[in-house]
Protein chains: 4
Amino acid sequence: MQKVAIFGAAGYGGVELIRLLLAHPGVEITYLAGHTTVDEQLTDLYPSLLGCIDQRIEETSVDRAAAEADLLFSCLPHAVAAELVAEALDSGLRVIDFSADFRLKDASVYEKYYQPHPVPYLLAEAIYGLPELHREEIIPARLVAVPGCYPTGAILALAPAVQAELVEPHGIIVDAKAGVSGAGRSNLTLTTHFAEVNESLRAYNIATHRHGPEIDQELSALGQPVHVTFVPHLTPITRGILTTAYAALGEGILAEQVHGVYTDFYADEPFVQVLPAGQQPATKQVRGSNRGYVGLAVDSEANELIVTSVIDNLIKGLSGTALQCMNLMLGFAETAGLEAPAIWP
Amino acid sequence: MQKVAIFGAAGYGGVELIRLLLAHPGVEITYLAGHTTVDEQLTDLYPSLLGCIDQRIEETSVDRAAAEADLLFSCLPHAVAAELVAEALDSGLRVIDFSADFRLKDASVYEKYYQPHPVPYLLAEAIYGLPELHREEIIPARLVAVPGCYPTGAILALAPAVQAELVEPHGIIVDAKAGVSGAGRSNLTLTTHFAEVNESLRAYNIATHRHGPEIDQELSALGQPVHVTFVPHLTPITRGILTTAYAALGEGILAEQVHGVYTDFYADEPFVQVLPAGQQPATKQVRGSNRGYVGLAVDSEANELIVTSVIDNLIKGLSGTALQCMNLMLGFAETAGLEAPAIWP
Amino acid sequence: MQKVAIFGAAGYGGVELIRLLLAHPGVEITYLAGHTTVDEQLTDLYPSLLGCIDQRIEETSVDRAAAEADLLFSCLPHAVAAELVAEALDSGLRVIDFSADFRLKDASVYEKYYQPHPVPYLLAEAIYGLPELHREEIIPARLVAVPGCYPTGAILALAPAVQAELVEPHGIIVDAKAGVSGAGRSNLTLTTHFAEVNESLRAYNIATHRHGPEIDQELSALGQPVHVTFVPHLTPITRGILTTAYAALGEGILAEQVHGVYTDFYADEPFVQVLPAGQQPATKQVRGSNRGYVGLAVDSEANELIVTSVIDNLIKGLSGTALQCMNLMLGFAETAGLEAPAIWP
Amino acid sequence: MQKVAIFGAAGYGGVELIRLLLAHPGVEITYLAGHTTVDEQLTDLYPSLLGCIDQRIEETSVDRAAAEADLLFSCLPHAVAAELVAEALDSGLRVIDFSADFRLKDASVYEKYYQPHPVPYLLAEAIYGLPELHREEIIPARLVAVPGCYPTGAILALAPAVQAELVEPHGIIVDAKAGVSGAGRSNLTLTTHFAEVNESLRAYNIATHRHGPEIDQELSALGQPVHVTFVPHLTPITRGILTTAYAALGEGILAEQVHGVYTDFYADEPFVQVLPAGQQPATKQVRGSNRGYVGLAVDSEANELIVTSVIDNLIKGLSGTALQCMNLMLGFAETAGLEAPAIWP
């Protein structure tokens, strides 16, 4: 059994990681750390785990983590994460970081959307933890940055088309619809209040959301520079992101050709599957699973490609991808602990 | 008191119209007709009206309607509606039709999306019942076709920009998110089953939905020919449509200019309002009301205009607009019976 | 036009009252006061009212209220309300109070569930504002205490049976299921977090909820002393309370007899209706309306009466009943401004 | 690997069983049979299983089942199930039946609630498949009847108190609140229509529901004859049952004593846990898991015991308990394939 520690264990990302790790055959959680929840029994916060785990949240200590574990999951928010991650690396731990602190390669872009970066020298080394794009780099990595949930949905929808230059690099649109759990557990605002959110739909942070530059960075790395118009929407579901991406098809590109490129791109991926022509995925299809599905359509009158993708924002969009990265880093089967299908209905 | 009759009274459109008419100061419902619900007490179908109305559903008869009323609301589905509407007009009734049968001007487009049109000679006369575009024509009309719910949301979002030629006519995208009540009451399918729909998001009928040509027709009538890529989505809310429209801004067009055009366009509209820059509407804001709100944003890096609009699909998207048309046709204040604000939360 | 002022205007109770008052033919809102929201435009907090009202929230001042209005609605929470209400009465205002401060007749019971009562001398004068029980006392009252939402549902379900002594006074059970809006808007906790509440059901405050003694007080006033076992449940709806009440039928009491007593009891009530035998109401039936419906059933094997009642917790359970009291106090038709049926679906 | 066959594989119960079996270490599904879905790929009906299973639904044949499997899960509805189950037993299969056909011991009670029993001679042999009450009988059984979902919740809540005679046998009340998935997938009615169910609560089949006699039978078998007043409610969640049970405490019985009896009763149960005093479970706590939790409270003024229990109606209330029975029958660890905790949020 290999040993892992978790910082920020009591948030939705942390606890979803714990749920997944409980089903993992080769890993033991040796240390759970928190901030506002120190000394609490995890099951008092998450009674869904009653009878499954009997561990308390402890003070956050890099030394303890280094003594107890080989790999650290840092599920802390950005700004809080960066320096602790740097310390952890110095103590010899390998780190999988859930925050936005190590996703962007360019410190000035990070500064524009967040704040001055406290440890910019680590940006070059950090690997963007999307196995579908960076599998080989994740395997030996010391520091992996788990992608944002929206970027995961957007990149899965667009990467094949962008890489194969099937679409124009300009005017690409990502219209994403997400559930409320993306806001986390501790950050209570009117936008998470049931009475305000239920039975309502709303766009927010149009073209200013922090996940936009992540999408641009990863898609641009596949070929020509790409800027997408990114518009997130809040919808009354707990889990799930439906991404609808729009891009102008290159001249003479046919729908069948697009389908072929997508199925080839994902042919060997254990967790991403392209649906047959004419089918579109629903978020319920992935709720509780690490899978993602992609549906393709073409508006031939406008020569526009429409791609929809679905993920569970807390699994393929966060903790599941983190575990998939851990599997790669520690030499487990990539799918270990992640095979469970979605719960339907 | 003026007298109105309703065909198809027991569907969601019919009963919402009845609810609104109950609050109207100058109109009396003299005749409610149905098909599968004949002889049923309306309140047995809709117990929400208990104590508010005491009327039975009767057999559908144009003669009865002509004898009992001055104006007929036909809330029947397409295909069923057309010939009955033609008969009603022949009997001297003015008609407001909820179906798709008289919305499209071109019988061949109608045939492509529905079936051969049974009474194509009426298409030229029928007025597309969106007061924001066709107020003056509605006033004297014999036959008004209530717009589809999706087209209402899309047109409110795009008409000012298209008319003022602020945006490129090509590559316009309408990403619409709707509630389940749009599917009606009697048409039970898996896509209306709570356990299948709740906690799920899904695109459907991408670029093939019947409401697409309606949007194209009305926007094209404002200037240059326009084809929008229309993608509807099913979301787990009962009422409401959030439309997110995307269009490339013309060269040199500034965000402030766009805002000015929109506020001018809707300056005298009693039910449509443009939000201040930076604000986006939520569907909850209009649930239960005849209002629509429009929010504007620009992605300046992509020079892309993003417009969001919200309506209650059963009111501004159907029965409320129908009543607004009736007010125009019968000489009432346009807002009579329609002033109620949305219910929040 | 008579003039009213509102303290605590920006909470859910206040804004629902405002929505109802906007449709009232004889009343004008002259002054809206708040605490944390002072100087905000009401429509910035509640965009559903955009285009319907153009008023700002002002500082809370009893003098201003007395100068501007004849009647004050105090929508403040308990503890905050009591002394301001006392001052308002001293200034000559008549007051309708939304808090729990004047509902209980016995200051020691109040102290047990809340805190020492700051103005206990007013308890004897205050009228419990349920028109179905206290109509004649409300008409001339200076101070009316709006009943709690749970007590309204429970009393409507049980009052006829208790008054007519159809049921044993011991062992009565009130199992109430309520929506999340009852928690208010400003009090953000995990129990209002969409991701925690949605898709979940839970009992809370079993036999310790503050609304229990209110139910006991009002039912006991109808005859023999009654103590109900009161168990509230939180359910994932925004508005509505479904109350299921259980009581042992007296020997020889038949179902038809019960139905007769209930229909007689509510025969002249404008807003409460007993359903035909075998029918049970749904909360959707009252969402957005001031109505309440009562359904009756008997388990003859156990000789147990089961009564279900539904109300919209923010209307018949709060602001609607308050307005109904105002109508009585100011001499309007009791139903003025309250006729709107529920919104379905 | 042991081999199992499934009749009625395409309903919610069948597919949830399949999902659980996919995670079971020692069982292989060799044959999936259906009726209206014959020849369909299971993943076309349940895209959530895409990539997890590649099997078609076949014609229903007892001979095929006997040739392919050692044990048959019959997930057919009552009336359809009975004779097929009888044939399957004759062919040497052991059967776990999901229908109501073999739950009731008394054929006349079955006839009263369903229809004349086609194979009444099997009733004596059939074991009521609730491991918490009948573990030893399930192990060698040929025919196990999976309990109804409501009875599972009610029996878990009441069995310890009834068996230990802590409560009066008269006047027991079971107020159950359930999600919509209990209505199944193929039986589309207005009561499963999202627009009718969402944002609504309703009681139904008061004291006449078919699950009532099951509860009475199992509780009565623990000691004195018991009749409970059973009132089911439909609530807008997909999965879960919250049961609130009420019973008069025997004289002199203290809350601590009750807690002791319950914790002893469930001390060795792998899937049922009693919460500490003062805590109440939420259905979200068990969504997706085979667990059940029980919370206890006493209204000391009324000397009334209140017990709440939560289960996932499709798992502990159906397919999970079926798999637990299979584990007992086939000699696996009782928890095999059933350890997964609930998904939160």
Side-chain angles (χ1 to χ4, degrees), chain B residues 10-16 19 36-37 40 44-50 149 178-204 233-241 283-284 287-288 312-315 317-319 342-345, chain D residues 10-16 19 36-37 40 44-50 149 178-204 233-241 283-284 287-288 312-315 317-319 342-345:
Chain B
Y12 283 158
V15 83
E16 186 65 356
R19 186 180 72 83
T36 58
T37 54
E40 293 214 57
D44 285 343
L45 302 169
Y46 292 98
S48 52
L49 295 177
L50 265 173
C149 52
V180 183
S181 62
R185 179 177 182 265
S186 54
N187 187 22
L188 297 169
T189 64
L190 275 180
T191 60
T192 61
H193 189 313
F194 181 90
E196 302 277 319
V197 177
N198 197 37
E199 290 282 305
S200 198
L201 305 169
R202 191 168 63 81
Y204 68 102
H233 298 76
L234 187 65
T235 70
I237 66 174
T238 299
R239 288 171 175 240
I241 295 179
T283 60
K284 193 185 281 279
R287 196 182 38 159
D312 182 321
N313 57 304
L314 292 177
I315 308 185
L318 190 62
S319 305
I343 287 183
W344 187 297
Chain D
Y12 284 158
V15 82
E16 186 66 355
R19 186 180 71 83
T36 57
T37 54
E40 294 214 56
D44 284 343
L45 303 169
Y46 292 98
S48 52
L49 295 178
L50 264 173
C149 53
V180 182
S181 62
R185 178 178 183 266
S186 54
N187 188 24
L188 297 169
T189 65
L190 275 180
T191 60
T192 60
H193 190 315
F194 181 90
E196 302 276 319
V197 176
N198 197 38
E199 289 283 306
S200 198
L201 305 169
R202 190 168 63 82
Y204 68 103
H233 299 75
L234 187 65
T235 70
I237 65 173
T238 300
R239 288 172 174 236
I241 296 178
T283 59
K284 193 184 282 279
R287 196 182 37 159
D312 182 320
N313 58 304
L314 291 179
I315 308 185
L318 190 60
S319 305
I343 287 182
W344 187 296

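As a basis for the values below, the full set of heavy atoms in this structure was taken, side chains included, without hydrogen atoms, waters or symmetry mates. Residue numbers begin at 1 in each chain, while the letters A, B, ... track the order of the sequences.
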Thr238(D) to Asn198(B) - nearest heavy-atom pair and separation: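 Closest approach of Thr238(D) to Asn198(B), heavy atoms only: OG1-ND2, 3.7 Å.
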Can you say whether the rings of Phe194(D) and Phe194(B) are parallel (under 30°), tilted (30 to 60°) or perpendicular (over 60°)?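 Geometry flag for Phe194(B) against Phe194(D): parallel rings.
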Residue part contacting chain D, namely of Arg185(B), when any heavy atom lies under 4.5 Å: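 Looking at Arg185(B), backbone and side chain both touch chain D.
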Find the distance between CD (Glu199(D)) and CD1 (Ile237(B)) and round it off to the nearest 0.5 Å.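 If I round to the nearest 0.5 Å, the distance is 11.0 Å.
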Check: Gly184(B) main-chain N/O paired with His193(D) side-chain donor or acceptor under 3.5 Å: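 Side chain of His193(D) to backbone of Gly184(B), a donor-acceptor pair under 3.5 Å: yes, one is there.
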